[in-house]
Amino acid sequence: MTDISVRGLTKRFGPVTAVDDLTFDVPAGRITGFLGPNGAGKTTTLRMALGLITPSAGTALIGGRRYAELPHPRRSVGALLEATGFHPGRSGRDHLRILASTADVDSGRVEAVLELVELTSAADRRVGGYSLGMRQRLGLAAALLGDPRVLVLDEPANGLDPAGMAWLRRLLRDLAAEGRTVLVSSHVLSEVAQTVDQVVIINNGVLRYAGTLDGLGSDSLEAAFLELTSR
Amino acid sequence: MRTEILKLRTTRTPVMLLAAAQLVILAGVSGLFVSGDADLADPFTARRAVAHAGLVSIFSLILGILAVAGEYRHKTITDTYLSTPRRGRVVAAKLGVYAVVGVLFGVISSVTAVAATAIWLTVKDGSLDLASTGVWSTLAGCVAWNACFAAVGVGIGALIRNVIAAVAVALAWLALIEGIVGQLVGDLGRWLPFRSGQALEGVPFPGVDLLPQWGAAFVLATYAAIFALVAVSTTVRRDVS
């Protein structure tokens with residue numbers, strides 16, 4: 001069981017309720033898009049699922065366990081959060097070597113994921129000199145390092161050029177086809193429409209829709225999205 | 001722990017702090033001899049000179065602060081907690097590794113201080129007698145001071161997760177506040193962190209009341225443990241966003 005299940009998840013920051021009683025499921029073997037306008041609570045939700053933010057109420061379970069209870073978190077769940085979590089003075093390869101060491105992953109995986117995200121030639125340069133797209137690829141490499149069954153990716157398409165977008169789409173499809181659970185947040189709707197099997201849409205921290213793209217019933221994802229998030 | 005060592009080896013900051021510390025030692029030892037304050041007949045002169053290896057524990061302190069607060073600054077803390085969701089373990093590993101790093105820092109600084117002192121004593125027609133003057137005791141204290149301050153730094157960095165604020169608070173304490181507090185509390189002042197560090201060197205300072213060496217080491221280790229424990233139960237548990 002490698003599904004993600006979110007039940008009654010709530011986060012209050014003082015008087016502000018960022019995420020409000022959210023309930024949805026993310027099944028294995030499919031790509032689930034996690035959509036919402038800026039500030040809808042997407043990142044907060046993903047960070048709660050990963051144990052970085054403590055929920056005010058509710059649970060987010062991965063394969064039936066809280067993230068902190070996973071015996072080998074990195075080998076179970078791969079996460080891409082923001083493209084800024086790098087020490088600028090470190091090389092891309094060293095960044096991954098450090099993660100491999102914390103994750104209890106064989107260091108041979110470092111070369112494998114560098115190859116996979118097509119960063120091998122830049123691996124020895126300092127991350128401070130990377131472009132946004134290269135950082136995003138390095139983040140993806142880090143997420144894939146532990147060969148996890150579950151992937152949680154926050155805005156993975158940020159900073160990628162059209163070729164990079166197409167590459168990412170193929171990668172996600174392959175990963176889902178291998179039976180992995182893939183949860184991808186995004187606000188690039190045209191990209192999402194081409195990539196995902198189903199969507200979870202939130203607005204102001206509240207669930208607006210969870211289900212297949214077809215079930216939205218509008219002509220386009222954009223029309224449905226704008227209608228669902230206009231209130 | 002292995003990871004913490006790798007983190008240190010893959011950036012340039014530790015080497016730059018170490019280099020800066022050696023320059024401060026060279027300048028400090030030279031200053032003592034150039035100023036003419038050094039009384040070659042005084043057996044404490046050599047110890048006072050090599051004791052500069054202890055003063056640079058301020059650099060060890062900063063290194064320790066960067067261990068945690070630096071991870072928040074660069075947001076690598078997210079990855080660290082994703083790999084090790086039990087955050088208390090992260091802080092404990094850093095405490096252990098940085099105490100050892102502090103020892104290395106102290107040993108390298110001691111070598112520099114001894115070399116500089118030996119050269120100046122030779123220039124002044126004296127010589128550095130390592131065997132008889134308690135120099136070893138002072139050097140051991142210097143190493144312990146560096147180790148303790150690196151661990152205290154980890155505690156401060158975990159407690160105050162903003163690098164600039166943590167370094168500012170630490171330096172303000174050492175440069176200004178401890179002196180004021182020391183005057184206010186009188187005899188209790190010898191229990192304060194910097195005064196404890198000075199005590200570790202085992203060299204008497206005129207007019208300053210100091211703990212015995214072993215007592216000072218114990219006090220500093222306790223400071224490190226208290227800071228780390230308070231941090232683990234407060235700031236370290238907070239949301240990372």
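Here the structure is a predicted model, which means the values were calculated and not measured. Just so we're on the same page: letters track the sequence lines, and every chain starts at 1. What's counted below: heavy atoms across the whole structure, side chains too, no hydrogens, waters or symmetry copies.
Rounding to the nearest 0.5 Å places CG of D79(B) at 13.5 Å from NE2 of H87(A). Put simply, NZ on K7(B) and NE2 on H95(A) are 10.5 Å apart, with the number rounded to the nearest 0.5 Å. Between the OG1 atom in T78(B) and the CG atom in L80(A) there is a gap of 11.0 Å [rounded to 0.5 Å].
Heavy-atom contacts from other residues, nucleotides or ligands closer than 6.0 Å to CD1 of I180(B) number more than 12. Surrounding CZ of R89(B) are at most 12 heavy atoms belonging to other residues, nucleotides or ligands under 6.0 Å away. E69(A) CD: more than 12 foreign heavy atoms inside a 6.0 Å radius. Atom CZ of F13(A) is surrounded by more than 12 heavy atoms from other residues, nucleotides or ligands within 6.0 Å. No more than 12 heavy atoms of other residues, nucleotides or ligands shown are found within 6.0 angstrom of CH2 on W191(B).
Between R238(B) and T54(A), every side-chain heavy-atom pair lies at or beyond the 4.5 Å cut-off. Considering only heavy atoms from C-beta on, T80(B) stays 4.5 Å or farther from T102(A) through its side chain.
A pairwise comparison of heavy atoms in P73(A) and S83(B) identifies CG-O, 3.6 Å as the closest pair. Nearest heavy atoms, V240(B) versus I53(A): O-CG1, 3.7 Å. Of all heavy-atom pairs spanning P85(B) and A68(A), the tightest one is CB-CA, 3.6 Å. Shortest non-hydrogen contact noted between R87(B) and L52(A) is NH2-O, 3.2 Å.
Of the possible polar contacts, none joining the R12(B) side chain to the G89(A) backbone as a donor-acceptor pair under 3.5 Å is found. In this structure, Y81(B) contributes its side chain and G51(A) its backbone to no donor-acceptor pair below 3.5 Å.
Looking only at heavy-atom pairs under 4.5 Å with chain B, the residue among L70(A), D94(A), I98(A), T44(A) that has the most is I98(A).
The contact between R126(A) and chain B is made entirely by side chain atoms (from C-beta outward), counting heavy-atom distances below 4.5 Å. Looking at R73(B), neither its backbone nor its side chain comes within 4.5 Å of chain A, counting heavy atoms on both sides.
Salt bridge D239(B)/K11(A): present, at least one basic N to carboxylate O contact under 4.0 Å.
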Might you work through the side-chain hydrogen bond (donor to acceptor under 3.5 Å, both in side chains) test for T11(B) and R90(A), ending with a clear yes or no? CA-CA 6 Å; T11(B) 63; R90(A) 230 173 241 146; 4.9 Å; no

